[in-house]
2 protein chains.
Amino acid sequence: MNDILPKKPSRIQTRNRRLILDAALEVFSRDGYGGATLDAIAKGAGLSKPNLLYYFDGKTEIYVTLLSQLLETWLDPLIELDAKGDPVEELLNYVRHKLDMALELPLESKLFAGEILQGAPRITAHLTDDLKPLFDRKCKVIQTWIDAGHLAQIDPAHLIFSIWSTTQHYADFGAQTSVLLGTEDPAKRAHAHLEQMFRKLLQPVNQ
Amino acid sequence: MNDILPKKPSRIQTRNRRLILDAALEVFSRDGYGGATLDAIAKGAGLSKPNLLYYFDGKTEIYVTLLSQLLETWLDPLIELDAKGDPVEELLNYVRHKLDMALELPLESKLFAGEILQGAPRITAHLTDDLKPLFDRKCKVIQTWIDAGHLAQIDPAHLIFSIWSTTQHYADFGAQTSVLLGTEDPAKRAHAHLEQMFRKLLQPVNQ
DNA sequence: TCGTTGCTTTACCATTTGGTAAAATTTAGA
DNA sequence: TCTAAATTTTACCAAATGGTAAAGCAACGA
């Protein structure tokens, strides 16, 4: 009947695929796609290399699986941006959420950044199919808020870029910030700073 | 007498080292350190691989040379931040300068970003020796401006982070922005947006 | 308890990669 | 022009890397 039988994965399968993806995240985010090796991933997962390849078809498949899963988590907070909420608070909440994710999931942020840096050769489809439509939708929501006078006159697209860049900076450039801030915890003032910055930017002038 | 005789490089040496570094910038920024190969660099430079290695001691030396040279150019605009100038205009000018660099030298920006992403394993010394002292000095300048009431109350370090992240985003995440903006030129509105954002942020409230 | 399926290991292999030795060639200066 | 130094080419190589074949082992339902 059904050519494609999904066949729920066994306990061993679930566990090992998880082990592999966890190890792969560490290796890919640290060494980049080109610098990562199956041996390093296998070692990290506590499996042999051929055993790895029993669960995934190859290096690329592991990498793409990781990116796809990650992209979903990554877009979640943007999806939640609610047209019916208070504009300034909705956006500030998005900033907070995004910063928390960067601070808590730096490896994921770095993996994504690394892929985009190299021209997104392996996830361009995801970007155009999933990210772009969502992005366009949310830009329109923001534009509506602006037109209603509830937000300052801002370019919605570039506003989103600024939110992404400032928040992800604390993950992607963590090696730099930790050198520059010394013992000080970056997270400490990051929240306050971004809240201050975006509140000033977003607050409409003649309200 | 002098154990180290600098010996000015020949015309051929100057030309070929230039060719190699240009090709290497392209390859390293596209494929990352781990994904880059000497063969690809040699091909890009129009030289044979052993010929490459006549000019540089190895892959790492090419990469580090590139990063060191880049870091100098990169820090220039920050050095120019003048304590005696008008605070808001000095900082906005820095933002402009930094954005121009990102738009005109995206490969350099990506190379640097890639290195930091991976934990800056090959330039930590540069960061602590060159960048950190400069960073600390400029933070103090900004703090002085704030104390004098010429700037809004801002965390100087995080202000600089925000300037870096928002400007470099247009280079490092160019693959993403070009998908999201479609045919529209990112540079077009980027300048206006960042000017607006940072002017609002920096302007002291009770002046 | 038997056999089928799922999982793991051992033993490989072709290619790529960073790098070298040394001969051959070009260039620059006397 | 001649020669010494600088540059380039040819021919390699050892290690690493992504991946495969097939045998061995474990799990599990009938």
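No hydrogens, no waters, no symmetry mates; every other heavy atom, side chains included, goes into these values. Here is how names work: the chains are called A, B, and so on, in the same order as the sequence lines, proteins then strands, and each is numbered from 1.
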Counting just side-chain N and O atoms, does [X] come under 4.0 Å of either OP1 or OP2 of [N]?
| X | N | value |
| --- | --- | --- |
| Asn51(B) | dT7(D) | no |
| Tyr55(B) | dA6(D) | no |
| Tyr54(A) | dT8(C) | no |
| Gln13(B) | dT7(D) | yes |
| Arg11(B) | dT27(C) | no |
| Asn16(A) | dT8(C) | yes |

Measure the distance from [atom1] on [X] to [atom2] on [N] and round it to the nearest whole Å.
| X | N | atom1 | atom2 | result |
| --- | --- | --- | --- | --- |
| Lys49(A) | dC12(C) | NZ | C1' | 11 Å |
| Phe56(A) | dG18(D) | CZ | C1' | 16 Å |
| Asp39(B) | dG18(C) | CG | C1' | 9 Å |
| Ile20(B) | dT8(D) | CD1 | C1' | 12 Å |
| Arg15(A) | dT8(C) | CZ | C1' | 12 Å |
| Leu53(A) | dT17(D) | CG | P | 14 Å |
| Leu38(B) | dA16(D) | CG | C1' | 14 Å |
| Asp31(A) | dA16(D) | CG | P | 15 Å |

- Heavy-atom count around Arg189(B) CZ within 6.0 Å, excluding the residue itself: above 12?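 Not more than 12 within 6.0 Å, no.
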- Could you tell me whether the side chain of Val141(A) reaches within less than 4.5 Å of the side chain of Asp82(A), counting heavy atoms only?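 Counting from C-beta outward, Asp82(A) and Val141(A) never come under 4.5 Å.
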- Would you kindly compare Ser48(B) and Lys59(A) by the position of their nearest DNA chain D nucleotide and give the one closer to the 5′ end?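 Nearest nucleotide further toward 5': that of Ser48(B).
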- Message: Could you check whether Lys59(B) makes a cation-pi contact with Tyr33(B), meaning its NZ or CZ is under 6.0 Å from the centre of the six-membered ring and within 45° of the ring axis?
- Response: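 The answer is yes, since Lys59(B) meets both limits relative to Tyr33(B).
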- Nearest 0.5 Å please: distance from the CE atom of Met197(A) over to the OG1 atom of Thr166(A).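 With rounding to 0.5 Å, CE (Met197(A)) is 4.5 Å from OG1 (Thr166(A)).
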- Task: From the options dG18(C), dT9(D), dG18(D), select the nucleotide whose nearest atom is closest to the side chain of Thr37(A).
- Result: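 Of dG18(C), dT9(D), dG18(D), dG18(D) is nearest to the side chain of Thr37(A).
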- Task: Tell me what Ala36(A) touches on the nucleic acid: a base, only sugar-phosphate, or nothing, going by heavy atoms under 4.0 Å.
- Result: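 The residue Ala36(A) makes sugar-phosphate contact but no base contact.
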- Taking the six-membered ring for Trp, are Phe161(B) and Trp164(B) parallel (under 30°), tilted (30 to 60°) or perpendicular (over 60°)?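 Answer is tilted, since the angle falls between 30° and 60°.
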